[in-house]
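Lettering of chains follows the sequences in order, A, B, ..., and the numbering in each one begins at 1. None of the values given here were measured: they were computed from a predicted structure.
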Protein chains: 2
Amino acid sequence: MSIRSGRGGGAGSGTAPGARLCAATGPRRVATGRRREATRRRLFEAAVSLIAEQGFSATTVDEIADRAGVAKGTVYYNFTSKNVLYEELLRDGIDQLADSLRQAERTAAARGGSRVDALDAMIRAGLEFCAGSPALTQLYAAELWRTNRTWRATVKSVRGRALAVVESVLRDAVATGELTDELDIQLTASALFGMVLVAALDWQSFQPHRSVEDVHASLSRLVQGRVSGGA
Amino acid sequence: MSIRSGRGGGAGSGTAPGARLCAATGPRRVATGRRREATRRRLFEAAVSLIAEQGFSATTVDEIADRAGVAKGTVYYNFTSKNVLYEELLRDGIDQLADSLRQAERTAAARGGSRVDALDAMIRAGLEFCAGSPALTQLYAAELWRTNRTWRATVKSVRGRALAVVESVLRDAVATGELTDELDIQLTASALFGMVLVAALDWQSFQPHRSVEDVHASLSRLVQGRVSGGA
DNA sequence: ACTTTTAGACTGACTAGTCAGATCAAAGGA
DNA sequence: TCCTTTGATCTGACTAGTCAGTCTAAAAGT
């Protein structure tokens, strides 16, 4: 009965545990968060898979906690809210993608290939990323163009980070004359991005028996004009 | 999680008027629903825009009724449940798209163009459709690859209907030798579909100042190998 | 006469977020 | 080696609120 009245007392010092997060990630206590880091990662994984399946609103915090094997309170200890958990998850995921795109580009460049080769390598890397993190991929497709959502800003910046990598390669290719300068960089980058995204999702969802090579070859053909290049 | 137990109880007999819907669309009473048809359309429109903005679960039936300018009871008089409303809405939308793709194909054929021209016309039609029904487009992107959802079957059949149109043109083009027979029809169709879908969404969301021609030209270039065809 | 819509009160189930207290792991002390 | 302490981390019952779907009697519409 009187339970809730308590408040002020114990709290005194460390009111909201979640708030302490900032301090914890700050200068003090760097080594401490080992256990915590593992918990956060488990929560990310659980949330990504559930949200990809059901959507954000349809996924309850209880379900996330359940799948991650922690108590509900732990979710709120590690993230200030369901929304924040989701935002951090989006950022985390796109960073991984951007990294693997950049790496593909660097590898291709190191092998002395053309920019178009680099582009092709990035398509491959994109496909592999989607195959490796199908839930995350679904989630992007579902959220990337939604209007009005709270985290629209997050999504926009996140999109920008991935597209920037593609755009820079396209720009180089145009500069060196490998690609026509009629090319609209932004539009082409997003079309390529979309092509890979959707091809990967369709591959996973509706034709999972195919190999990456298979899918990659089809997309390569499309991009390199060997479909109707003669026209 | 999925369907609310529903607890058949209360309903007892065939109380739910919405259930009569089936009869209405059946053989009997075809002319009757003029007024009703208008109400249903308004509900579709309201629901599509809200769901595109917020997602299905985050959208309440009260909001839908509000935006459509009808009473909540009317929603349940016309549709048995929120889920059913959504399913019918998906079907209705994709039918419109498939129609406009078929029409583009027919028009191109009538003008005596090649199959590749027909493909190009379909890309244009796809873009225009997306531009004309942005909410519906967003909604497809969000739902098309979601796993585990109740209406997965609906989505799958809906996707098939749109892709079939593209695939048939590709098949013809291969048969007549216009396109190489190395082409993987299914994969290419879905990649094209995705390319258009995503390009359209990106166009609307992030670069709305561009014209259809602009976007169409970029996609055409990509497909017809004028980007890196020389390689 | 018959169908369709209205308005909104109501219920029963479900959910985001909170908080006082339990548990853990690492460090020191004996 | 075996306590004891300390602060970070985790727990789960609980609060306050939301929402799908039902129900009513009466008013339009055709």
Provide, to the nearest angstrom, the distance between the [atom1] atom belonging to [X] and the [atom2] atom belonging to [N].
{"X": "Phe79(A)", "N": "dT9(D)", "atom1": "CZ", "atom2": "C1'", "value": "14 Å"}
{"X": "Tyr76(B)", "N": "dT4(C)", "atom1": "OH", "atom2": "C1'", "value": "18 Å"}
{"X": "Asp62(A)", "N": "dT11(D)", "atom1": "CG", "atom2": "C1'", "value": "13 Å"}
{"X": "Tyr86(A)", "N": "dA16(C)", "atom1": "OH", "atom2": "P", "value": "15 Å"}
{"X": "Lys82(B)", "N": "dT18(D)", "atom1": "NZ", "atom2": "P", "value": "16 Å"}
{"X": "Asn78(A)", "N": "dT11(D)", "atom1": "CG", "atom2": "P", "value": "10 Å"}
{"X": "Leu43(A)", "N": "dT9(D)", "atom1": "CG", "atom2": "P", "value": "14 Å"}
{"X": "Arg40(B)", "N": "dT3(C)", "atom1": "CZ", "atom2": "C1'", "value": "15 Å"}

Carboxylate-amine/guanidinium contact Arg41(B) Glu45(B), below 4.0 Å: no

Carboxylate-amine/guanidinium contact Glu143(B) Arg146(B), below 4.0 Å: yes

Listed pairs, N/O of protein and of nucleotides 6-9 of chain C, under 3.5 Å:
| unit_1 | atom_1 | unit_2 | atom_2 | d |
| --- | --- | --- | --- | --- |
| dT6(C) | OP2 | Ala71(B) | N | 3.0 |
| dT6(C) | OP2 | Thr74(B) | OG1 | 2.5 |

ring-ring contact (aromatic ring centres under 6.0 Å, His included) involving Phe129(B) - partner list, sequence neighbours excluded: none

Sequence neighbours excluded - salt bridge (Lys or Arg N to Asp or Glu O under 4.0 Å) pairs with any residue from residues 65-87 of chain A: Glu53(A)-Arg67(A), Asp62(A)-Lys72(A), Glu87(A)-Arg91(A)

Phosphate-side-chain proximity, Arg35(B) and dT4(C), N/O vs OP1/OP2 below 4.0 Å: no

Contact under 4.0 Å: Asn83(A) side-chain N or O vs dG17(C) OP1/OP2: no

Test side chain to side chain contact (heavy atoms under 4.5 Å, CB included) applied to Leu219(A) and Leu127(A), step by step: CA-CA 10 Å; Leu219(A) 296 187; Leu127(A) 282 177; 4.1 Å; yes

Main-chain N/O of Arg210(B) paired with Trp203(B) side-chain donor or acceptor, under 3.5 Å: yes

